[in-house]
Protein chains: 2
Amino acid sequence: MATLTEIARRAGVSVSVASRVLNGDPNLRTRPETRERVVQAAKDLNYTANYAGRALRLARSKALALIVPDVSTPLFADLLAGAADASGEQDHTLLLGRSDRVTAGGDLVRRLVGEGRVDGFVLQRSDDLSDQALENLVANDARIVLVASRTPRRRGSVVLDDVAGGRLATEHLLALGHRRVALIGGVERSDIARRREQGYTEALHDAGLRKRDAWVTRLGYSPDVAAAAARSLMATSPAPTAIVVANVNGAIGALTALRQGGFDIPGDVSVIAIHDQWMAAHTWPPLTTVKMPFYEVGYLAVRLLLDQLAGAPAEDIVVRDPAPLLILRESTGAPNSAV
Amino acid sequence: MATLTEIARRAGVSVSVASRVLNGDPNLRTRPETRERVVQAAKDLNYTANYAGRALRLARSKALALIVPDVSTPLFADLLAGAADASGEQDHTLLLGRSDRVTAGGDLVRRLVGEGRVDGFVLQRSDDLSDQALENLVANDARIVLVASRTPRRRGSVVLDDVAGGRLATEHLLALGHRRVALIGGVERSDIARRREQGYTEALHDAGLRKRDAWVTRLGYSPDVAAAAARSLMATSPAPTAIVVANVNGAIGALTALRQGGFDIPGDVSVIAIHDQWMAAHTWPPLTTVKMPFYEVGYLAVRLLLDQLAGAPAEDIVVRDPAPLLILRESTGAPNSAV
DNA sequence: CTGAAAGCGCTTACAG
DNA sequence: CTGAAAGCGCTTACAG
């Protein structure tokens, strides 16, 4: 790899000048011809500034990390794409880490910033972690923005409009004529789950209906857990005629359980999920979903992070644009027996 | 962040000594008590060596990158986990990049190594790229190992035993009594696709059967494309009674198309896929698959990369252990009409 | 057993 | 308009 010194020698200038023209220093006054020689030399030698040298001098790595608990769902790809695009636009490199380690990312965060490998983080918490534990772990550090989930006290976050998502899903079912609408929710400690349930509750309330405890589960999003939840829901009496599942992967599991239980969908029960992903078009029946703007969450999170790194105050953003979008497929329909 | 100088001062030693005890220099002879003071000081100040300083001095970043074309499939998570584990064991940080850019990763590779941000790469090529183009892009650089797919001339790769995978899938169908077995394969330029087809062909041949051109498609792995392939296969006459789909995501698409076409699975057609992922248990019917050791590919790839970086000759590895594994679910059965 | 010094590649005030 | 020099934090041969 060519160094600045070599470029300078080849162009017949000092390294100072070489550095300045290559970095586009606005205070630099130079003959066009000199500048030209430097640029040409850099091109000839295929020069890229050594990152360690620059980082050492600037005390800035120009790298950001995205830390997520689960990399195995297509949803993550949207988040990553958004974060990567924003990073690229601002001339930063984006690294990726998993936070499924014991300390839920705290260790990783400390190590990466401690070493100066990255300037800041976008962190998606794992549901295993309590608000308190998370706050202790990451404190109110401007170098960290939380994504998807937030805590009561910590500043610096960007989340989906989960209330609107839960509401839209529920309203769709209500509009179809359902009156017995259940919810397969996330775990209690998850604020995502709480906000989606809030949307569900509000929609019910607006329709003059009351939330029934027997019709909401708060066991989590994994396919197996949601499958068990669906079975228990259908065992209540009267059973619901429609279910909103707070997460698409859970909905896929619920569908399997319902089918195995002999239920016709949507004849016996309608199912709608929050979040969309390609698989939803390939379940049986194809799953009606509410698409949430996860790309935008990733995008805005790195924008916010970079702003905070530049000294701007921490913000807490709810992504309302684009709004949650109903993707109509075949798992929802009018209730069979208008009660 | 504390620096080495601060540690040294606090411990009352020179930075040389501090550096050496912290790095466990075996040539260092020191009083246990001195060593103790340094360790304590580092702990007190929560010291982590600044990475840029070290990288600059050592001309080694101790970071590796994994570059993949698609991050949105659960298969990728296995590859990543393997690569991350191997990196961690060898005290390296693993970064992630997508290669779905114009230059299919060439740019990214050049930039990251050019800057010295990473010491080497594990690269999964995109199928969009020809062997020739890939070879030109990455040449025979010891800092790059290819994963999943390889090219005729380039050295340094680790791939699955795709022949065995294709063979196992086909043999399962044959053992069930099928004689009209079709293949939904990948694109022609993909060597993965070629090897899987080879396994299919061999299994047919061993059973005294000949491959029929009308029963093999080579259109690719995406769910939509495989769906179209399934439709066209079922329109041949006689139609196949069983299909091996060379990729699980494609199989999910094929299942949807067959179901929509009114075919009973496995009554009218059996379907088996190569690769397993959680979704396969939630399709309708649940999909029989051949599980391939993708975690191990990731793991061995970084081992190989680190060896190459240390000067070992390039190798081309086929992961045979664990062997492809049949995961029996409900999409395969005996043919309805024993012809 | 321990320390002073050089140097990795870079940027930037400062001097001319 | 251009250059010499300092210094970011680290490791390591070398000297004592």
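Quick note on labels: first sequence line is chain A, next is B, and so on, each numbered from 1. Bear in mind that the values here come from a model prediction, so they are computed numbers and not experimental data.
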Look at [X] and [N] and indicate whether a side-chain polar atom (N or O) is within less than 4.0 Å of OP1 or OP2.
X: N23(B); N: dT11(D); value: yes
X: R31(B); N: dT2(C); value: yes
X: R35(A); N: dC1(D); value: no
X: R54(A); N: dT11(C); value: yes
X: Y47(A); N: dG9(C); value: no
X: T34(B); N: dT2(C); value: yes

In this structure, how many angstroms lie between the [atom2] atom of [N] and the [atom1] atom of [X], rounded?
X: Y51(B); N: dG9(C); atom1: OH; atom2: C1'; result: 13 Å
X: R57(A); N: dA5(D); atom1: CZ; atom2: C1'; result: 11 Å
X: R29(A); N: dT12(C); atom1: CZ; atom2: C1'; result: 17 Å
X: N27(A); N: dC1(D); atom1: CG; atom2: P; result: 14 Å
X: R117(B); N: dG9(C); atom1: CZ; atom2: C1'; result: 14 Å
X: I7(B); N: dG9(D); atom1: CD1; atom2: C1'; result: 12 Å
X: K62(B); N: dG9(D); atom1: NZ; atom2: P; result: 21 Å
X: L28(A); N: dT2(D); atom1: CG; atom2: C1'; result: 9 Å

Legend entry - Spatial distance of atom CD (E296(A)) from atom CD1 (I317(A)) [nearest 0.5 Å]: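 Going from CD on E296(A) over to CD1 on I317(A), the span is 12.5 Å.
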Inset, instruction - Any chance you could measure E6(B), atom CD, to L45(B), atom CG, to the nearest 0.5 Å? - result: 6.0 Å
Using a heavy-atom cut-off of 4.0 Å across all strands, would you classify [X] as base, sugar-phosphate, or nothing?
X: D25(B); value: nothing
X: T3(B); value: sugar-phosphate
X: T30(A); value: sugar-phosphate
X: L58(B); value: sugar-phosphate
X: A49(A); value: sugar-phosphate

Legend entry - Upstream residue (5' side of DNA chain C) when S16(B) and A52(A) are each assigned their closest nucleotide: S16(B)
Legend entry - Pairwise 5' ranking along DNA chain C for G53(B) and G12(B), keeping only the more 5' one: G12(B)
Legend entry - G-U wobble or Watson-Crick pairing nucleotide for dA4(C) (cut-off 3.5 Å, both distances):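 With both distances under 3.5 Å required, dA4(C) matches none.
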Inset, instruction - Counting Watson-Crick and G-U wobble pairs only, both distances under 3.5 Å, name the nucleotide matched with dA13(D), or none. - result: none
Inset, instruction - Report the residue from R153(B), R125(B), R154(B) that forms a side-chain hydrogen bond (donor to acceptor under 3.5 Å, both in side chains) with D131(B). - result: R125(B)
Inset, instruction - Kindly indicate whether the side chain of L79(B), heavy atoms from C-beta on, has any atom under 4.5 Å from the side chain of V297(B). - result: yes
Inset, instruction - Check every atom of dC8(C), dT2(D), dG3(C) against the side chain of V17(A) and return the nucleotide holding the closest atom. - result: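 Closest nucleotide to the V17(A) side chain: dT2(D).
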